[in-house]
Amino acid sequence: MKTSGQKGNPLLLGIDLGTSRTMVLSNRGTRDMVRSVVGYPRDIIGVKLLHDSHMIGEDALKRASYLHIHYPLEDGVLKEANDQAAEAAKLLIKHAISLANPQPGDPIYGVLGVPARASMFNKNQLLKITQELLDLSMVVSEPFMAAYEIDQLNNAIIIDIGAGTTDICAMKGIIPSGEDQVTVLKAGNYIDLVLENLIRETHPEVQMTLNLARKIKEQHGFVGEPKEEVVVNLRKNGKPVTCNLTREVRTACETIVTEIVEQLQNLIMVFDPEDQEEVLRNIYLTGGGCRIRGLADLIASHLKEYGQVVVRQVPDPDYCGGSGALKLAMELPPQYWEQVGHVYRSSK
Ligand SMILES: Nc1ncnc2c1ncn2[C@@H]1O[C@H](COP(=O)(O)OP(=O)(O)OP(=O)(O)O)[C@@H](O)[C@H]1O
Ligand SMILES: [Mg+2]
């Protein structure tokens, strides 16, 4: 159990735990991101090079040659029944909390976002981890946090395109239940893989890696008709070459669209028929993956026969879930937290 003196004003945190990135926001102005990875030295040389037992985030990725890299969240969910993953998750969350710079004696209250589909076991496991780190913690579903942030809790659909999964959630004025949400296992990571393979096929002579494919996608990703050519400098036998990757980037980015549209069509039917017209005008894209250009328009165009359909990107897709978590922590008096999510409360 965490043992703060509980003297200061509470430090309130919103934490969005993702497969690839964890976002941390606080009521004192913290707005930070850490890659969701923990690295452990492979052997004694690594221990010497690291001067520590582990390293978190981007720093660990840069040292992958001598570290074992762990992703404690798989498809956004804590890997089940695995002590090492739980330990890595704890190190990651501890690091995330430290980014908010808690002062000795500060009570720390945190709202943590987990994927909508996280099991009860998973939520409890996460709360167990936070017991030693926070005085009060609540686990809530990520799409709900995003909806809370943009004030779209009723007659709206949230599509969160992350790295591991795309989560689509119907907001009906209540905490979303199992039937209100679907998960598609195609998101940013899947696009990266398709893009890497496409470039390898069409440009077998250039050196391509998954990481490079991801960077190309993040810089140039688009769907629909190209507004400009995607021209990228790559390496062939160590020498620079210029490649036109317009077709490859478009094809890879469009691979996630069909399934999103299909699931969207299913989810529209969980709403009352009288509400569906309003719902179709309230479809929101969030998560890092939604920054692919043209995505909102392409999804809307696939739903033409439904009448007027408006698909929008939320104003701040990377931090929308985390901001919603912080907003909830700031607006909801702690005595009501049990009514909204799964809660751990220290007995002090
Ligand atoms: N500008 C961009 N264009 C396209 N994709 C991007 C861009 N910026 C980030 N991404 C992608 O967004 C994904 C990360 O998004 P996000 O941080 O929302 O995921 P996550 O929450 O870690 O994952 P998950 O929700 O699946 O657990 C990565 O696949 C990344 O490549
Ligand atoms: Mg996410």
Side-chain angles (χ1 to χ4, degrees), residues 14-25 31-38 57-58 61 71-79 85 89 92-93 96 112-118 122 126 139-147 149 158-169 181-196 209-224 230 232 245 248-250 252-257 259-260 284-296 298 313-314 316-325:
I15 300 177
D16 182 358
L17 286 169
T19 312
S20 77
R21 309 184 290 188
T22 292
M23 311 302 189
V24 191
L25 296 99
R31 183 186 151 95
D32 219 331
M33 187 270 280
V34 56
R35 293 293 303 270
S36 305
V37 299
V38 181
E58 196 69 43
L61 286 175
Y71 286 79
L73 300 140
E74 196 171 64
D75 296 337
V77 184
L78 280 184
K79 288 179 193 165
L92 174 67
I93 296 170
L112 291 95
V114 290
R117 70 204 169 280
N122 239 290
L126 195 58
V139 174
V140 290
S141 112
E142 272 163 10
F144 170 71
M145 292 185 331
E149 171 63 15
I158 306 286
I159 305 174
D160 177 355
I161 307 176
T165 61
T166 296
D167 293 288
I168 310 175
C169 184
Q181 47 212 7
V182 273
T183 294
V184 176
L185 289 174
K186 282 184 184 166
N189 289 347
Y190 180 80
I191 296 174
D192 301 345
L193 204 61
V194 174
L195 183 58
E196 183 195 6
T209 63
L210 192 59
N211 203 30
L212 203 48
R214 179 177 53 81
K215 284 188 179 154
I216 294 170
K217 173 201 69 178
E218 289 180 2
Q219 202 178 343
H220 303 281
F222 76 98
V223 293
V230 175
V232 181
L245 301 177
E248 290 82 351
V249 170
R250 175 180 179 177
C253 292
E254 288 186 355
T255 52
I256 63 167
V257 174
E259 244 174 277
I260 292 177
Y284 290 88
L285 296 177
T286 183
C290 86
R291 292 206 275 140
I292 290 171
R293 281 174 283 260
L295 207 49
L298 187 62
Q313 198 185 81
V314 301
D316 187 6
D318 294 321
Y319 283 93
C320 186
S323 306

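As the structure is a computational prediction, the values presented were derived from the model and not from experiment. Counting starts at 1 for both ligands and their atoms, in listed order.
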N or O pair under 3.5 Å between [X] and ligand 1:
| X | value |
| --- | --- |
| Gly289 | yes |
| Glu218 | yes |
| Glu142 | no |
| Asp160 | no |

* Shortest reach to atom 29 (O) of ligand 1 by a heavy atom, considering only Gly188, Ser36, Gly164, Gly18 ->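 Shortest heavy-atom distance from atom 29 (O) of ligand 1: Gly188.
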* To do: Out of Gly162, Gly288, Ala163, indicate the one that has the non-hydrogen atom closest to atom 5 (N) of ligand 1.
  =>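 Comparing heavy atoms across Gly162, Gly288, Ala163, the nearest one to atom 5 (N) of ligand 1 lies in Gly288.
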* Asked: Measuring from the heavy atoms of Gly221, does anything fall under 4.0 Å of ligand 1?
  ->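 So Gly221 does not count as touching ligand 1.
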* Asked: Relative to ligand 1, is Arg21 under 4.0 angstrom through side chain, backbone, both or neither, heavy atoms considered?
  -> both
* Asked: Would you call Ile158 and Asp167 a side-chain contact if the rule is heavy atoms closer than 4.5 Å?
  ->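 A side-chain contact under 4.5 Å is absent here.
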* Asked: Would you say Asp316 and Arg31 make side-chain contact, with heavy atoms under 4.5 Å?
  -> yes
Heavy-atom closest contact ([X] atom, [Y] atom, distance):
| X | Y | value |
| --- | --- | --- |
| Val314 | Tyr284 | CG1-CB, 4.1 Å |
| Arg291 | Asp318 | NH2-OD2, 2.9 Å |
| Thr19 | Ser36 | O-CB, 3.5 Å |

At a 4.0 Å threshold, what atoms of ligand 1 neighbour a non-hydrogen atom of [X]?
| X | result |
| --- | --- |
| Gly287 | 18 (O) |
| Thr165 | 26 (O) |
| Arg214 | 31 (O) |

* Asked: Just by modelled atom types, is the Val223 backbone N or O under 3.5 Å from a matching donor or acceptor in the Arg293 side chain?
  -> no
* Asked: Roughly how far, to the nearest 0.5 Å, is NZ of Lys217 from CG of Leu195?
  ->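 With rounding to 0.5 Å, CG (Leu195) is 8.5 Å from NZ (Lys217).
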* To do: Starting at CG of Leu295, measure out to SG of Cys253 and round the result to the nearest 0.5 Å.
  =>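 Answer rounded to 0.5 Å: 8.5 Å.
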